[in-house]
Structure formats: structure tokens, C-alpha cells
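Below is one structure, written out as C-alpha cells; comments come after it.
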Amino acid sequence: MKNRRMLFICWFSFIALAGCAGGGEVIPLQIHPTVTGSEGVAKQKSAARVAIGSFEDDRSHKTGLGSRTHLWGGATYFDVPGGRPAEVVAQALTDYLAAKGWQVIKRGAGDNEADVVLTGKILDLSVHAKSHVGFTEVMTKTKLALQAQNVADGSTVRMTLNGSGGDEIFWFDPEDAQALASEVLTDSFGKFVQDTTIEHKQLRLKTP
């Protein structure tokens with residue numbers, strides 16, 4: 001009986017490891033901002049109407065987000081639904097600012113309807129995972145260049161936001177990579193909100 005049990009355990013382990021080979025499929029990651037009610041809202045931001053303008057994918061490698069290297073060889077690949085990360089980041093920023101109390105008007109609205117037009121470039125947005133014996137290492141990086149143009153006087157505010165994060169997962173699921181990427185991106189959005197202020201319906205950098 002003991003030998004049979006050991007044989008079963010070994011066979012199960014073999015099946016589990018065999019499942020750690022990648023077949024080249026593409027896994028879509030749903031990236032959303034992670035905002036909790038306990039963070040409160042920045043009500044002072046609502047005095048200005050902010051339009052989220054165009055975002056560009058300015059990464060050197062524009063195909064997908066990254067890959068997972070499997071223990072027994074092969075890989076699976078990460079991407080966003082539709083394969084357009086610039087749109088995903090723009091929507092995530094829209095959702096984040098709205099949740100934080102900003103008055104975000106419809107994307108594409110005319111400048112005469114907005115007090116601030118916010119545009120950006122994705123310089124880095126990557127998610128990678130590597131399976132080891134007993135755990136999978138997950139790493140993500142983001143780099144965003146944001147530009148806010150104040151409609152009243154034409155002045156601009158520019159910020160470059162860098163983010164990175166990593167985790168070790170015992171039983172990896174693509175949602176783990178999705179959650180980490182969302183968290184790192186949200187931290188970058190938080191830095192933008194923390195370091196700016198609205199004065200007379202214009203966005204300014206906070207002075208040290």
C-alpha cells in the first residue's frame with residue numbers, strides 16, 4: 001500500500017511538472033487600477049475638467065507585454081485584450097482619476113470643454129514570469145511619460161513615472177501577473193496625483 005501511495009505521488013508530480021511546459025499561447029491580461037474606498041478622494045481636483053487625450057505606445061518592442069518561461073521548456077506570452085496597450089493605459093488612468101475625485105470628461109472632447117488635456121507615452125510596460133522548481137518568479141516594469149497642457153495659458157507640465165514590482169508565486173495563475181501589473185501601474189498614477197495640484201483650474205507641480 002505504501003509503495004502504491006508513493007507511486008501515485010510520483011505520478012502526480014510527473015503530471016504536474018509535465019503541465020509546466022509552454023505551448024506558445026497568448027494570455028490576455030486585464031489591467032485595471034486598484035483603488036480602494038479607504039484611500040478617499042482628492043475633492044480639490046474636481047475644480048478642473050480634465051480630458052484624457054491620446055496615448056502612444058513608444059516602447060522599443062511593441063509586440064505583447066512579455067512571456068512566461070516554463071520549467072520544462074517552451075513559453076506562453078502575455079498581452080492586453082486587443083493588443084493595444086496605449087488604449088488600456090489611457091482607460092486605466094481615466095478610471096483611476098475618476099475614482100480619486102477628478103472631473104474627467106469624455107476622451108476626445110474638444111479643448112474648449114476641458115481645462116487640462118492629459119496625454120502620454122508608454123516607454124515601458126512589460127510582464128515576465130519564470131518558473132522554477134516549487135515557485136514562479138513574476139516581474140513587471142512600467143515607464144510612462146505624461147504631459148498635461150493647461151488650456152487657459154497653454155502651459156505644460158511633464159512627468160516621467162517609473163514603476164517596478166516582483167513576486168514569487170507557489171502555484172502560478174495568470175491573474176497573479178495581472179494583479180501585479182495593475183498594482184505597479186496604479187502606484188505610478190498615485191505618484192502623479194501626489195505630486196500635482198490644481199490652482200485656478202490649471203494643473204501645476206507641487207513645490208517641494
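A donor-acceptor contact shorter than 3.5 Å is absent between the side chain of Asp58 and the backbone of Ser60. Using modelled atom types, no side-chain atom of Asp95 and backbone atom of Ala92 make a donor-acceptor pair closer than 3.5 Å. Between the Lys121 side chain and the Phe55 main chain, no donor and acceptor come within less than 3.5 Å of each other. Arg84 places no side-chain N or O within 3.5 Å of a backbone atom of Glu87 that could act as its donor or acceptor partner. The main-chain N or O of Ser126 is found under 3.5 Å from a side-chain atom of Thr140 such that the two form a donor-acceptor pair. Using modelled atom types, one side-chain atom of Thr186 and one backbone atom of Thr34 make a donor-acceptor pair closer than 3.5 Å. A donor-acceptor distance shorter than 3.5 angstrom exists from the side chain of Ser182 to the backbone of His32, with no hydrogens or angles considered.
Considering only residues two or more places apart in sequence or on other chains, Gln178 meets the side-chain hydrogen bond (donor to acceptor under 3.5 Å, both in side chains) condition with none of them.
With values rounded to the nearest 0.5 angstrom, Phe135 atom CZ is found 13.0 Å from Phe172 atom CZ. In this structure, OG1 in Thr119 is found 8.0 Å from CG in Leu146, a value given to the nearest 0.5 Å. One finds the OG atom of Ser54 at 10.0 Å from the CG atom of Leu118 (value rounded to the nearest 0.5 Å). A distance of 4.5 Å separates CG in Leu203 from CD1 in Ile198, rounded to the nearest 0.5 Å. With values rounded to the nearest 0.5 angstrom, Thr142 atom OG1 is found 11.0 Å from Glu183 atom CD. Atoms CZ and CG, from Phe189 and Leu93 in turn, are 4.5 Å apart once rounded to the nearest 0.5 Å.
For the pair Asn162 and Lys143, the minimum side-chain heavy-atom distance is below 4.5 Å. For the pair Thr136/Lys130, no side-chain contact is recorded, criterion being any heavy-atom separation below 4.5 Å from C-beta on.
For the pair Asp115 and Arg49, the salt-bridge criterion is met [side-chain N within less than 4.0 Å of a carboxylate O].
Using modelled atom types and a 3.5 Å distance limit, the side chains of Ser155 and Asn150 yield a donor-acceptor pair. In this structure, a donor-acceptor pair under 3.5 Å is present between the side chains of Arg68 and Ser131. Side chain to side chain, Arg158 and Gln147 meet the donor-acceptor criterion of an N or O pair below 3.5 Å.
Of all heavy-atom pairs between Leu161 and Ser188, the closest is CD1-O, 3.3 Å. Pairing each heavy atom of Tyr77 with each of Ser67, the nearest pair is CD2-CB, 3.6 Å. Closest of all the heavy-atom pairs between Ala86 and Ile122 is CA-CD1, 3.5 Å. Gly66 and His128 get closest at one heavy-atom pair: CA-CE1, 3.5 Å. Among all heavy-atom pairs drawn from Ile31 and Ala181, the shortest one is CD1-CB, 4.2 Å. The two residues Phe78 and Ala177 come nearest to each other via the heavy atoms CZ-CB, 4.4 Å.
Other residues, nucleotides and ligands contribute only 12 or fewer heavy atoms inside 6.0 Å of the NZ atom of Lys201. Crowding of His132 atom NE2: a count of heavy atoms from other residues, nucleotides or ligands under 6.0 Å exceeding 12.
Each of Val88, Leu65, Asp79 was compared with Leu29 under the side-chain contact (heavy atoms from CB on, under 4.5 Å) criterion, and only Leu65 meets it.
In this structure, Leu125 is a member of the same hydrophobic cluster as Met159, with clusters built from ILVMFWY side-chain heavy atoms closer than 4.5 Å. Grouping the Ile, Leu, Val, Met, Phe, Trp and Tyr side chains by contacts below 4.5 angstrom, directly or via other members, places Leu123 apart from Val184. A chain of hydrophobic side-chain contacts below 4.5 Å, direct or via other Ile, Leu, Val, Met, Phe, Trp or Tyr residues, connects Leu205 to Leu144. Follow the hydrophobic side-chain contacts under 4.5 Å out from Ile169 and you never reach Met139; the two are in separate clusters. A continuous path of hydrophobic side-chain contacts links Leu185 to Ile27 [ILVMFWY only; heavy atoms under 4.5 Å].
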request  = Kindly determine whether Asp153 and Gln202 satisfy side-chain contact (heavy atoms from CB on, under 4.5 Å), including the steps that lead there.
outcome  = CA-CA 9 Å; Asp153 62 2; Gln202 298 182 61; 2.8 Å; yes

key: Gln103/Val50 under side-chain contact (heavy atoms from CB on, under 4.5 Å): CA gap, chis, key distance, verdict   = CA-CA 6 Å; Gln103 186 180 346; Val50 179; over 6 Å; no

request  = List the steps, then state whether side-chain contact (heavy atoms from CB on, under 4.5 Å) holds for Trp171 with Asp176.
outcome  = CA-CA 10 Å; Trp171 196 268; Asp176 298 314; over 6 Å; no

request  = For Lys191 and Asp187, run salt bridge (Lys or Arg N to Asp or Glu O under 4.0 Å): C-alpha distance rounded to whole Å, both residues' side-chain angles, the deciding distance at 0.1 Å, then the answer.
outcome  = CA-CA 6 Å; Lys191 179 68 173 175; Asp187 287 345; over 6 Å; no

request  = Evaluate the side-chain contact (heavy atoms from CB on, under 4.5 Å) criterion for residues Val116 and Gln149: first the C-alpha distance (whole Å), next the side-chain angles of each, then the deciding distance (0.1 Å), finally the verdict.
outcome  = CA-CA 6 Å; Val116 180; Gln149 182 176 29; over 6 Å; no

